[in-house]
2 protein chains.
Amino acid sequence: MKYNILTISREFGSGGRSIGRAVAERLGIPFYDRELVNKVAHETGFAQEYIAEAGEYAHVKSKFAFLLSVGHSAHMHGHTAPAEYIWATQSRVIKSLADQGPCVIVGRCADYILKDRADAFHAFIHAPKDARAERIVRLYGENSEKPIKRLDEKDSKRKIHYNHFTGQVWGMSQNYNISLDSEALGIDKCVDIIVSAMKGE
Amino acid sequence: MKYNILTISREFGSGGRSIGRAVAERLGIPFYDRELVNKVAHETGFAQEYIAEAGEYAHVKSKFAFLLSVGHSAHMHGHTAPAEYIWATQSRVIKSLADQGPCVIVGRCADYILKDRADAFHAFIHAPKDARAERIVRLYGENSEKPIKRLDEKDSKRKIHYNHFTGQVWGMSQNYNISLDSEALGIDKCVDIIVSAMKGE
């Protein structure tokens with residue numbers, strides 16, 4: 001293979017996780033999503049549900065408030081703030097998984113954490129909002145919140161979290177080796193393109 | 001074909017123009033680059049070299065100064081500022097070229113101008129700075145300015161021009177259906193991916 005490691009970043013509801021899983025199956029390599037959360041939970045002692053959320057989403061809506069909360073927490077307890085502690089552990093776990101061999105890692109700023117590995121290929125999956133809204137209702141069902149509002153909240157939290165920890169802008173083409181609109185191309189085509197790029201065919 | 005129109009936006013030195021030309025050849029459809037400049041020059045009465053520059057690059061370095069210059073010019077002469085006049089003409093020429101049938105259009109915010117056409121596919125080509133610096137020296141030769149400085153100036157002017165006229169951020173994945181790192185993938189592979197996406201194979 002030309003690349004050993006694939007990181008997938010994605011807009012909520014774009015099918016990025018499904019694309020990552022399919023690429024891993026096609027290449028016969030591990031797919032790290034839930035396992036990664038469990039490892040970080042185990043190493044930090046936090047609950048898995050807390051890590052699933054805190055490792056990828058900002059807990060507040062503005063970067064300013066997020067920074068305040070991080071600073072405040074560190075000051076109050078006299079040790080590293082939970083968000084920073086989780087970030088450090090998660091970064092270490094992601095680097096260690098990549099060291100173990102070829103794999104696919106979804107989300108969690110893995111593109112940034114592994115940016116200096118020459119054998120890592122970084123993909124971003126996005127889609128127009130109406131296509132994503134339709135997809136999340138189909139996959140996760142309806143709830144009391146309007147799908148567009150759910151999308152906006154999830155994306156906004158991912159964006160703030162990413163920008164805070166990486167100093168980069170989430171979704172900028174230049175952060176990734178490939179960015180694909182899964183609605184215009186289709187999920188299967190996205191899988192084909194990424195598999196072929198990984199193999200260097 | 002699944003898509004009739006391809007727009008290519010690109011970082012300076014990324015090979016975007018070469019990729020666009022190769023896709024047009026493979027699909028047997030017209031490639032608009034110089035012809036587009038000539039049409040806009042003809043319709044506006046400005047010199048071709050002026051249009052080549054003004055239709056894609058901001059003439060000053062900050063958005064604030066650019067806006068001031070546009071406003072000032074409009075006020076001084078009592079008619080639409082040259083930049084706005086060129087933008088309007090260029091938009092009309094691009095829409096008219098797309099109406100005439102399948103084609104490839106490079107640069108000039110064509111992605112934004114044709115964003116409502118369902119048969120248009122929008123690509124962004126980028127590459128790490130060192131790869132682009134090497135490429136521009138190989139293609140255009142050395143000059144008194146350092147290649148990295150040439151890249152930064154060109155990209156900065158394109159970015160300001162794009163952001164001013166479209167209200168979008170130049171290079172954001174979500175503006176395009178596909179964004180490709182021509183260094184990681186290789187120029188030929190970028191051509192293959194885009195041709196295949198256009199055909200809907």
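We name chains A, B, ... by the order of the sequence lines, and we start the count at 1 in each one.
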key: Structural part of A:Glu183 lying under 4.5 Å from a heavy atom of chain B   = neither
query = Got a second to check how far B:Gln174's CD is from A:Phe124's CZ, nearest 0.5 Å?
reply =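 Rounded to the nearest 0.5 Å, the CD-CZ separation comes to 4.5 Å.
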task = Starting at CG of B:Leu185, measure out to CZ of A:Phe121 and round the result to the nearest 0.5 Å.
result =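 Output value for this atom pair is 4.5 Å.
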task = Give the member of A:Gly171, A:Ser182, A:Pro128 that has the highest number of heavy-atom pairs under 4.5 Å with chain B.
result =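 When all of A:Gly171, A:Ser182, A:Pro128 are compared, A:Gly171 has the most.
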inquiry  = How close do A:Tyr176 and B:Asp181 get, counting heavy atoms only, and between which atoms?
reply    = O-CB, 4.3 Å
task = Write down the atom of B:Ser173, the atom of A:Met172, and the distance for their closest heavy-atom approach.
result =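 Shortest heavy-atom separation between B:Ser173 and A:Met172 comes out as OG-C, 3.9 Å.
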query = Which residue out of B:Asn177, B:Ile178, B:Asn175 racks up the most heavy-atom pairs below 4.5 Å with chain A?
reply =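 Highest number of heavy-atom pairs under 4.5 Å: B:Asn177.
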request  = Count the heavy atoms of every other residue, nucleotide or ligand shown that sit under 6.0 Å from NZ of A:Lys159, and state whether that count exceeds 12.
outcome  =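 Atom NZ in A:Lys159 is not crowded, with 12 or fewer foreign heavy atoms closer than 6.0 Å.
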ask   = Can you pull out the residues in residues 187-201 of chain B with any heavy atom less than 4.5 Å from chain A?
value =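 Hits under 4.5 Å: B:Lys189, B:Ile193, B:Ser196, B:Ala197, B:Glu201.
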